[in-house]
Asker: 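The following block contains the structure, expressed as structure tokens.
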Amino acid sequence: AEARTLAQHYPEAIVWGPLVNASGRGPLEMARLVSSRAWWPAFGPGNLEWIDAIRTRAAQQGSSSVWEGTHGNAAFSFNHDYARVDRDVPMGVQLMRKARRGVRRMIVGRSSGATVHDSTEAPRLEVLTEPPATRPPLDREGYLEWLAGHRSPHGGLMNPDAFAVPSIDPFRHPAVLEVAARITPQTWRQFGPHRGFARAAGAGRVPDVIRLRRTRGAQGLDVWHWMRHDHDRYVDEVEQLADTPAIADLVNIPALRSTIDTWLWGTPEPPPQIEMLQVNRVLGFAQFIRDTQQRLDSLPSPIQPD
């Protein structure tokens, strides 16, 4: 609905069209396909089919590239929580504010018919045998490093060989980065949290039904539909983890096996989205490691100098 609305707002610049996923390819198959093209691990297997279909459609229509806005979070949509004014507010006051927000969310959820989930009902799957080191809260220096693009898990998606056409992110343009880096933390926070700066900047440019919405759409919600009949493959992939170089000792294999054993395979009832994301990410990465090792082993031995 939002894409159609934006196309109506900019009829000369945006053409909207439906895209139906009917390939039948599951996330692990797509992870292997994209990784084999780019020779880079694909960390978001759940939506690779959609990305591949969009890029293929663009190529068929004569486009040499597609625009994507992954770096927009860093450039103009980040909340800059490190600059919060309430960092100096006493802890008791902060806790009281959080309690009030929690009560409001429960009331809104019940009055709207939404389900309020207890976080203890679905504990996060511990994928690694040892929990990773706690990352310190992002400060101004860390933000600028992120803005500069010094770290990103999306290297495979940015590889021009990964899809039919490459992507271009306007939010990575040096001029955009320079402007974002000059904006003070106080200015970022002036318009409130929850992407306040981006909402203010979009006034008159983006329809308010999009600009002011607080709901978020999930990616790859159809992923279970394409993997629900692949129980045996997932069991086999988990079993192969023990013999996978580099990560065999790092992955909590019993936890992964126990998790997939609880899924209602063959039925329309999907497991929690976060579980599918974690399992597909680990198994897709393991595939990449094994495939890369086979490729390296198949290369001719270097000629030794006389």
Side-chain angles (χ1 to χ4, degrees), residues 1-14 16 43-44 47 51 54 65-91 93-105 108-109 112 134-155 157-158 167-219:
E2 283 79 5
R4 189 186 295 111
T5 299
L6 199 59
Q8 293 171 349
H9 195 75
Y10 291 103
E12 298 180 358
I14 299 177
W16 176 88
F43 287 111
N47 62 356
I51 296 175
I54 291 171
S65 62
V66 298
W67 279 24
E68 53 101 4
T70 302
H71 211 56
N73 283 330
F76 290 114
S77 292
F78 188 53
N79 285 333
H80 295 259
D81 286 338
Y82 61 83
R84 288 204 318 258
V85 175
D86 65 2
R87 283 294 176 91
D88 298 327
V89 175
M91 181 59 68
V93 177
Q94 292 188 43
L95 292 176
M96 181 62 69
R97 290 177 179 175
K98 291 181 178 179
R100 289 173 179 169
R101 288 196 295 268
V103 171
R104 281 199 296 270
R105 283 196 295 270
V108 170
S112 64
T134 303
R135 181 179 296 177
L138 191 68
D139 54 12
R140 178 66 177 175
E141 182 179 354
Y143 163 72
L144 292 175
E145 181 182 351
W146 175 35
L147 178 66
H150 290 168
R151 61 173 186 261
S152 172
H154 305 295
L157 301 184
M158 293 185 286
S167 64
I168 297 175
D169 190 341
F171 294 108
R172 292 183 182 274
H173 192 282
V176 175
L177 301 182
E178 290 174 5
V179 170
R182 288 200 299 267
I183 300 174
T184 66
Q186 290 71 27
T187 303
W188 282 117
R189 301 292 296 175
Q190 178 180 345
F191 303 97
H194 309 299
R195 306 181 188 272
F197 186 93
R199 296 182 197 278
R205 299 177 176 88
V206 179
D208 284 352
V209 67
I210 299 174
R211 183 175 69 91
L212 301 178
R213 73 170 188 167
R214 293 296 184 92
T215 56
R216 298 183 62 182
Q219 299 182 27

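This one's a predicted model, so the numbers in the text were calculated from it and none came from an experiment. Just so you know, residue 1 is the first one in the sequence shown, and it goes up from there. Side chains are part of it too, since the values below use all heavy atoms of this structure and drop only hydrogens, waters and symmetry mates.
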Asker: Measure across Leu6 and Pro207 and return the closest heavy-atom pair with its distance rounded to 0.1 Å.
Answerer: CD1-CD, 3.7 Å
Asker: Can you tell me if Tyr10 uses its side chain to pair, donor with acceptor, with the backbone of Val206 under 3.5 Å?
Answerer: no
Asker: Nearest 0.5 Å please: distance from the CZ atom of Arg172 over to the OG1 atom of Thr70.
Answerer: 7.0 Å
Asker: Please, which pairs that meet side-chain hydrogen bond (donor to acceptor under 3.5 Å, both in side chains) have at least one residue in residues 195-208, sequence neighbours excluded?
Answerer: Asn73-Arg195, Asp208-Arg211
Asker: Write down the atom of Ser65, the atom of Ile168, and the distance for their closest heavy-atom approach.
Answerer: OG-CD1, 3.4 Å
Asker: For Trp16, does the CH2 atom have more than 12 heavy-atom neighbours from other residues, nucleotides or ligands under 6.0 Å away?
Answerer: yes
Asker: Testing the basics here: between Ala75 and Leu147, what is the closest heavy-atom pair and its distance to 0.1 Å?
Answerer: CA-CD1, 3.9 Å
Asker: Which pair of non-hydrogen atoms, one from Gly204 and one from His9, has the smallest distance, and what is that distance?
Answerer: O-NE2, 4.4 Å
Asker: Which atom names give the shortest non-hydrogen contact between Ile210 and Glu2, and what distance separates them?
Answerer: CD1-O, 3.4 Å
Asker: At what distance, to the nearest 0.5 angstrom, does CD of Glu141 lie from CH2 of Trp146?
Answerer: 15.5 Å
Asker: Is a side-chain donor or acceptor of His71 paired with a backbone partner of Pro170 at a separation under 3.5 angstrom?
Answerer: no
Asker: List the steps and the verdict of side chain to side chain contact (heavy atoms under 4.5 Å, CB included) for Trp188 and Phe78.
Answerer: CA-CA 8 Å; Trp188 282 117; Phe78 188 53; 5.9 Å; no
Asker: Identify the heavy atoms of Gly196 and Phe191 that sit nearest to each other, and give their distance.
Answerer: O-CB, 3.5 Å
